[in-house]
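Naming: A, B, ... by sequence-line order, numbering from 1 per chain.
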Amino acid sequence: MATAIDTATKPAETIGDRCQPAVAVVNLHKAFGQHKVLNGINLEVAPGATMAVLGRSGTGKSVLLRLIIGLAQPDSGSIAIQGLDISSLSTDQLNGVRKRMGFLFQHAALYDSLTAAENVGFPLEHHRREMSRSERNDRVHGLLMEVGVEDSADSMPSELSGGMQKRVGLARALALDPEILLLDEPTAGLDPISSREIDTLILKLQSEHHMASIVVTHDLFSAKTISNRLALLDQGNVVIEGTFEDLRNSDLQFVQEFLQQP
Amino acid sequence: MAVAGTATEALPEKGRETAGLALVDSALRLIRTFFEWFGNLGMFSWQVLRAGVTPPYEWREALRQVDEVGAKSFPLVALAGAAVGVVTSLEARQTLVRFGAQSMFPSSLVYSVIEVMGPIITGLVVSGRVGAGIGAELASMKVTEQIDALEASAVNPYRLLAATRILACILMLPLLTIVTDAFALATGWFAQAMVEPLSFHQFIEAGFHGATFNAFLPPTFKTLVYGLIIGLIACFQGMRCSGGAEGVGRAATNSVVLGSLFLILADVVLVKLILVVFP
């Protein structure tokens with residue numbers, strides 16, 4: 001599935017095949033010391049589709065996202081982004097692939113020395129140098145409006161609530177018009193109303209931007225709302241993968257226990 | 001009875017043996033940690049160098065850091081220089097009077113400030129202010145995933161965060177040393193002039209009489225190395241931080257302690273080197 005295409009001579013932004021699965025994870029293993037976190041995971045996300053990755057705490061869901069964006073290296077197995085095995089890429093080429101991906105961190109990870117607007121403008125300033133200042137400001141303003149925090153453009157991250165930080169983080173993740181969006185616990189730590197607002201926002205963004213998404217979450221309701229398919233992880237493996245109906249009809253005890261969470 | 005006696009004697013012997021093995025084990029672990037630390041520092045330095053010399057260059061961030069390291073350290077090094085000038089003047093005068101060599105006062109003050117006190121005092125003051133600041137800032141960014149967010153945005157953190165800060169430290173240290181020297185000489189002269197009349201013109205003329213560039217440039221420019229040490233150690237400690245608030249505190253402390261320690265050790269080598277190259 002992952003192809004060793006001629007990447008050496010191509011510009012980093014152009015490599016990869018957009019007809020291939022957006023993300024394909026094959027037999028992925030990752031351990032930290034003696035502790036095995038991922039134990040041969042296989043996943044595939046089609047272009048434009050949304051996959052929710054569920055599981056108990058410590059089952060390696062966030063590690064999976066970090067591996068996909070290249071923040072950590074797998075022990076074995078492969079990760080292909082639009083058909084391109086990222087383990088074979090140089091740093092520049094990997095950065096080219098990263099520019100096509102957006103990442104929302106669990107705690108938003110906003111740059112605390114920059115305002116909300118500067119946070120959103122940061123990827124544009126570094127990767128869209130051809131944009132004029134006014135074009136960049138317009139784009140930032142548009143993104144902040146899209147996520148509903150345009151009134152907080154000049155606020156520092158410490159002045160924003162958890163939900164607003166997530167919205168700004170989401171706007172930053174969307175700044176480069178990504179084809180793949182990775183969301184790490186987008187509703188974690190938020191009250192139920194804010195969580196549903198974030199879900200609605202993600203759904204709206206998916207329909208407008210037509211991105212493939214992987215959403216790591218504990219929130220079953222959120223997973224059901226925003227994703228086409230779900231994968232349930234346990235002990236480093238995918239226990240089951242399918243639609244919410246597939247999970248509900250499963251005879252596996254772990255799946256039923258997980259679905260019965262309050 | 002005899003058998004029981006042998007058994008009791010054997011027990012402490014075994015205990016001593018175990019304690020000895022544990023001691024050897026912890027010594028080996030300490031040595032391994034020591035070499036690992038230097039190995040990691042070497043790899044970190046290589047990554048920073050590689051990122052720093054290849055485009056795109058982060059000029060704006062570098063300028064911001066020049067302001068942060070240089071302009072914002074100015075009052076502190078000026079104050080430190082002024083204090084050093086007064087103290088050195090009072091001490092030197094007392095010693096020179098004892099040996100009847102008061103006429104040597106200006107040159108004694110000029111040489112001791114510019115060759116010895118100015119560079120090392122500047123280095124230690126900047127290590128305290130800037131080293132701790134960089135260490136804590138980067139460590140905080142690391143534990144809150146801001147450095148990961150940079151990488152995820154396809155921005156090289158070694159280029160944006162480390163190379164700019166290290167460059168600013170390297171460039172600013174000699175300039176800050178000149179500030180320390182100037183304030184130390186001014187207050188040193190002032191302290192002397194309060195005791196016995198001496199014009200500033202006379203003081204400077206006598207102090208720099210017969211001086212060559214070789215006497216003053218190498219001690220000032222050796223602080224380029226101090227800047228490298230302060231910036232490199234602080235960035236290294238900050239960017240490898242782990243363990244939440246405690247880790248941030250540890251990174252800030254280590255940045256200052258290790259930065260100052262390596263700075264003093266480097267001074268030993270640099271002084272010898274300068275004496276050999278510029279006799």
Heavy-atom proximity to chain B below 4.5 Å, by part of A:Phe103
side chain
The reported gap from CG in A:Asn95 to OG in B:Ser153 (rounded to nearest 0.5 angstrom) is 10.0 Å
Heavy-atom closest contact (B:Ala154 atom, A:Lys99 atom, distance):
CB-CG, 3.8 Å
Min side-chain heavy-atom separation B:Glu151-A:Ile69 under 4.5 Å
no
Counting only heavy atoms from other residues, nucleotides and ligands, does the tally under 6.0 Å from CD of A:Gln34 exceed 12?
no
Can you tell me which portion of B:Leu160 sits under 4.5 Å from chain A's heavy atoms? Options are side chain, backbone, both or neither.
side chain
Would you find more than 12 non-hydrogen atoms of other residues, nucleotides or ligands less than 6.0 Å from B:Phe38 atom CZ?
yes
I'd like to know whether CD of B:Glu246 has more than 12 heavy-atom contacts from other residues, nucleotides or ligands below 6.0 angstrom.
no
Can you tell which part of A:Leu182 gets under 4.5 Å to a heavy atom of chain B, answering side chain, backbone, both or neither?
neither
With a 4.5 angstrom heavy-atom cut-off, could you sort out which part of B:Glu58 is near chain A: side chain, backbone, both or neither?
side chain
Should the heavy atoms of other residues, nucleotides or ligands under 6.0 Å from CH2 of B:Trp37 be counted, would the total exceed 12?
yes
Which pair of non-hydrogen atoms, one from A:Leu71 and one from B:Asp148, has the smallest distance, and what is that distance?
CD2-O, 3.7 Å
Quick check: closest heavy atoms across B:Glu145 and A:Ala109, and the distance to 0.1 Å?
O-CB, 3.6 Å
Between B:Arg60 and A:Glu125, does any NZ, NE, NH1 or NH2 come within less than 4.0 Å of an OD or OE carboxylate oxygen?
yes
Is the side chain of B:Gln146 donor-acceptor paired with the backbone N or O of A:Asp112 at a distance under 3.5 Å, no angle test?
yes
So which atom in B:Ala152 and which in A:Arg98 form the shortest heavy-atom distance, rounded to 0.1 Å?
O-CB, 3.8 Å
Answer yes or no: are there more than 12 heavy-atom neighbours, outside A:Arg56 itself, under 6.0 Å from its atom CZ?
no
Inspect the surroundings of NE2 in A:His141 and state if more than 12 heavy atoms from other residues, nucleotides or ligands are less than 6.0 Å away.
no
Between CG on residue A:Leu110 and OG1 on residue B:Thr144, distance to nearest 0.5 Å:
9.5 Å
Side-chain contact, heavy-atom cut-off 4.5 Å: B:Pro56 with A:His126?
no
